[in-house]
J.: 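First the structure, then my questions, so here it is.
Basis for what follows: all heavy atoms, side chains included, without hydrogens, waters or symmetry-related copies. Positions are given from 1 along the sequence.
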Amino acid sequence: MREIPVYLFTGFLESGKTSFVQDILRDPDFTEQEHSLLIVCEEGMEEYDPALLASARTDLVTVEDQSELTLRFFRDLGEKYQPDRVLIELNGMWEISDFLEGKLPPEWPIYQIVATVNAETFELYSNNIGARMFEHLTMADLIVFNRCTDELKQMLYQKNIRAMNPRATIFLDDVNGGSEDYRDSMPQPFDLDAPVIEIKDEDFGLWYVDATSSPEKYEGKTVKFKAMAYKPDELGREQLFVPGRFAMVCCADDVQFVGFLCKGADTDSIKHKSWVTLTAKVGVAYVPQYRGDGPVLYCEHLESAEPAAEEIVYFN
């Protein structure tokens with residue numbers, strides 16, 4: 001059966017989803033000769049240009065209620081419009097995870113999730129509905145902050161947005177039409193030429209974000225750090241564990257364990273959630289939990305350690 005790639009656009013009302021989608025449809029490298037189906041689940045201030053949709057060979061379908069989004073609904077649309085690809089502008093208040101669980105046909109794989117964020121209202125939404133904002137950012141492959149002033153850019157750097165989703169590409173679009181890659185203005189946090197890159201307890205979160213977003217620059221390097229030994233049952237083999245830390249990524253409700261898979265360690269004497277000091281060489285490999293390639297640690301030395309003075313990692 002023919003696969004139909006799906007592009008999912010998320011973000012709150014007036015975050016710029018419609019403008020972003022229309023910019024994509026204007027790009028001849030994107031549209032080519034393919035037939036697109038655009039499913040719009042939220043009515044904003046900006047409307048889609050009928051002439052643009054026609055020239056881009058795009059059919060528009062609107063959805064008013066989340067209950068309409070069923071497997072049968074999508075299959076019917078596929079049979080009716082026979083699209084080469086599908087673009088879905090999702091209502092910002094609908095849960096993305098719920099939407100993705102079994103509602104799309106198996107032959108409609110998610111190709112890319114794009115989150116648009118109005119930088120002017122980012123703090124307001126983060127403070128009032130932080131969990132929903134967190135979901136938008138953590139599930140995206142591409143994040144675009146628009147309406148950025150110099151002051152808002154500085155705020156976004158101070159909040160270390162990369163910590164919420166290190167694997168995503170993040171762009172800051174300013175009010176003058178310029179755009180910058182979030183990573184371009186981030187300083188190099190560690191001496192990569194050191195024989196052993198020693199990571200202080202308070203710098204674990206910084207290293208985790210940097211290694212997740214740019215694993216290739218740590219490949220072949222040796223690192224040493226203190227961590228909690230996580231030995232979940234699903235790992236099975238005794239020489240596998242995940243050294244990491246509990247981290248507050250967005251707010252107090254979003255404390256989660258973050259770490260990297262470690263291989264070749266003698267973990268018989270190491271208890272689940274005990275503290276260790278690990279020296280390991282960094283490799284890069286595909287790990288399903290990473291949703292792609294990422295750092296894999298190969299143990300060189302492992303020993304018990306006292307807990308870190310501050311057990312929770314803060315990224316800001």
J.: To the nearest 0.5 Å, how far apart are CD in Glu95 and OG1 in Thr10?
T.: 13.0 Å

J.: Between Thr149 and Leu152, is there a donor-acceptor pair closer than 3.5 Å when you use the side chain of the first and the backbone of the second?
T.: yes

J.: For residues Thr58 and Leu25, report the shortest heavy-atom separation together with the two atoms involved.
T.: OG1-CD2, 3.7 Å

J.: Would you say Ile4 and Phe9 are hydrophobically clustered, going by side-chain heavy atoms of ILVMFWY under 4.5 Å?
T.: no

J.: Between His272 and Lys231, is there a donor-acceptor pair closer than 3.5 Å when you use the side chain of the first and the backbone of the second?
T.: yes

J.: With no hydrogens and no angle check, is any side-chain donor or acceptor of Glu68 less than 3.5 Å from a backbone partner on Glu64?
T.: yes

J.: Between Asp173 and Val144, does a side chain to side chain contact (heavy atoms under 4.5 Å, CB included) hold up when you go through it step by step?
T.: CA-CA 7 Å; Asp173 290 354; Val144 179; 3.3 Å; yes

J.: Determine whether Leu156 and Leu172 make a side-chain contact, defined as any pair of heavy atoms from C-beta on separated by less than 4.5 Å.
T.: yes

J.: Is it the case that Asn165 and Thr138 place a side-chain donor and acceptor less than 3.5 Å from each other?
T.: no

J.: Is Val258 reachable from Ile197 through a run of I, L, V, M, F, W or Y residues, each pair having side-chain heavy atoms under 4.5 Å apart?
T.: yes

J.: Can you measure from CD1 (Ile96) to CG (Leu90) and round to the nearest 0.5 angstrom?
T.: 6.5 Å

J.: Do Leu69 and Leu104 belong to the same hydrophobic cluster, where Ile, Leu, Val, Met, Phe, Trp and Tyr are linked whenever their side-chain heavy atoms lie under 4.5 Å apart, directly or via other members?
T.: yes

J.: Kindly give the heavy-atom pair with the smallest separation between Gln112 and Val114, and that separation in Å.
T.: OE1-CG2, 3.8 Å

J.: Thinking salt bridges, do Lys80 and Asp59 make one under a 4.0 Å N-O criterion?
T.: no

J.: In the structure I gave you, are the side-chain heavy atoms of Ile88 and Phe74 within less than 4.5 Å of one another anywhere?
T.: yes

J.: Using a 3.5 Å distance criterion without hydrogens, assess whether the side chain of Tyr218 forms a donor-acceptor pair with backbone atoms of Pro295.
T.: no

J.: Report yes if some heavy atom in the side chain of Asn146 is under 4.5 Å from a heavy atom in the side chain of Phe171; otherwise report no.
T.: no

J.: Evaluate the ring planes of Phe145 and Phe122, with Trp represented by its six-membered ring, and classify them as parallel (under 30°), tilted (30 to 60°) or perpendicular (over 60°).
T.: perpendicular

J.: Quick one: do Arg72 and Glu79 make a salt bridge, cutoff under 4.0 Å?
T.: yes

J.: Cut-off 3.5 Å, side chains only: do Glu89 and Tyr7 have a donor facing an acceptor?
T.: no

J.: So that I can tick it off, tell me whether Lys226 and Glu306 are bridged by a salt bridge, with the cut-off set at under 4.0 angstrom between side-chain N and carboxylate O.
T.: no

J.: How about Leu60 and Val40: do any of their side-chain heavy atoms sit closer than 4.5 Å?
T.: yes

J.: Which atoms form the tightest heavy-atom contact between Asp174 and Ser179, and what is the distance?
T.: OD2-N, 4.5 Å

J.: Look up atom CG in Asp65 and atom SG in Cys41, then write down how far apart they are to the nearest 0.5 Å.
T.: 10.5 Å

J.: Check whether any side-chain N or O of Ser274 sits under 3.5 Å from a backbone N or O of Ile270 as a donor-acceptor pair, and report yes or no.
T.: no

J.: Which distance, rounded to the nearest 0.5 Å, do you find between the CD of Gln66 and the CE of Met93?
T.: 11.0 Å

J.: Is the closest side-chain donor-acceptor distance between Ser97 and Glu135 under 3.5 Å?
T.: yes

J.: Could you tell me which non-hydrogen atom of Val313 sits nearest to which non-hydrogen atom of Gly205, and how far apart they are?
T.: CG1-CA, 3.5 Å

J.: Can you measure from CD (Glu14) to OG1 (Thr121) and round to the nearest 0.5 angstrom?
T.: 9.5 Å

J.: For the pair Asp293 (side chain) and Tyr286 (backbone), establish whether a donor and an acceptor sit closer than 3.5 Å, ignoring hydrogens and angles.
T.: yes

J.: I want to check something: taking the side chain as every heavy atom from C-beta on, are Phe20 and Leu142 in contact at a cut-off of under 4.5 Å?
T.: yes

J.: Can Glu219 and Lys281 be counted as an ion pair, charged N to O under 4.0 angstrom?
T.: no

J.: For a quick test of reading the model, state the closest non-hydrogen atom pair linking Pro83 to Val86 and the distance between them.
T.: CG-CG2, 4.0 Å

J.: Verify, without hydrogens or angle tests, whether Asp203 (side chain) and Ile199 (backbone) share a donor-acceptor contact under 3.5 angstrom.
T.: no

J.: Between Tyr230 and Ile312, is there shared hydrophobic-cluster membership here, with clusters defined by ILVMFWY side-chain heavy atoms closer than 4.5 Å?
T.: yes

J.: Within the distance-only criterion (no hydrogens, no angle test), does the side chain of Asp141 pair as donor or acceptor with the backbone N or O of Ile113 below 3.5 angstrom?
T.: yes

J.: Would you say Lys224 and Thr277 make side-chain contact, with heavy atoms under 4.5 Å?
T.: yes

J.: Whether the side chain of Glu3 engages the backbone of Pro109 through a donor-acceptor N/O pair (distance < 3.5 Å, no angle test) should be reported.
T.: no

J.: Are Leu38 and Val61 side-chain neighbours, meaning at least one heavy-atom pair lies under 4.5 Å?
T.: no

J.: Is the side chain of His136 donor-acceptor paired with the backbone N or O of Ile143 at a distance under 3.5 Å, no angle test?
T.: no

J.: I'd like to know whether Arg75 forms a salt bridge (charged side-chain N to carboxylate O under 4.0 Å, His left out) with Glu107, so could you lay out the CA-CA distance, the side-chain angles of the two residues, the decisive distance to 0.1 Å, and finally the verdict.
T.: CA-CA 10 Å; Arg75 287 202 182 281; Glu107 65 274 15; 2.7 Å; yes

J.: Could you walk me through whether Glu34 and Arg85 pass the side chain to side chain contact (heavy atoms under 4.5 Å, CB included) check?
T.: CA-CA 8 Å; Glu34 293 179 307; Arg85 63 173 162 229; 2.6 Å; yes

J.: Check the pair Tyr48 / Thr18 against side chain to side chain contact (heavy atoms under 4.5 Å, CB included), numbers first and verdict last.
T.: CA-CA 7 Å; Tyr48 283 96; Thr18 301; 3.6 Å; yes

J.: Using a strict 4.0 Å threshold on nitrogen-to-oxygen distance, state whether Arg57 and Asp84 make a salt bridge.
T.: no

J.: Verify side chain to side chain contact (heavy atoms under 4.5 Å, CB included) between Val282 and Tyr298, making sure each step is shown before the conclusion.
T.: CA-CA 6 Å; Val282 182; Tyr298 297 89; over 6 Å; no

J.: Does a side-chain heavy-atom distance below 4.5 Å link Leu278 with Leu297?
T.: yes

J.: Counting only heavy atoms not in Glu46, do more than 12 sit closer than 6.0 Å to its CD atom?
T.: yes

J.: Tell me the closest heavy-atom pair linking Lys17 and Glu42, and the distance in Å.
T.: NZ-OE1, 2.7 Å

J.: Of the options Phe257, Tyr208, Trp275, which is the one that meets Phe246 in a ring pair (Phe, Tyr, Trp, His ring centres under 6.0 Å)?
T.: Phe257

J.: In terms of heavy-atom contacts, does OH of Tyr111 have more than 12 from other residues, nucleotides or ligands at under 6.0 Å?
T.: no

J.: Given the rule that I, L, V, M, F, W and Y join up when any side-chain heavy atoms are under 4.5 Å apart, are Phe73 and Leu71 in one cluster?
T.: no

J.: What is the distance from atom CZ of Arg26 to atom CG of Leu52, rounded to the nearest 0.5 Å?
T.: 5.0 Å

J.: When you measure from the centre of the six-membered ring of Phe225, is the NZ or CZ of Arg245 closer than 6.0 Å and no more than 45° off the axis?
T.: no

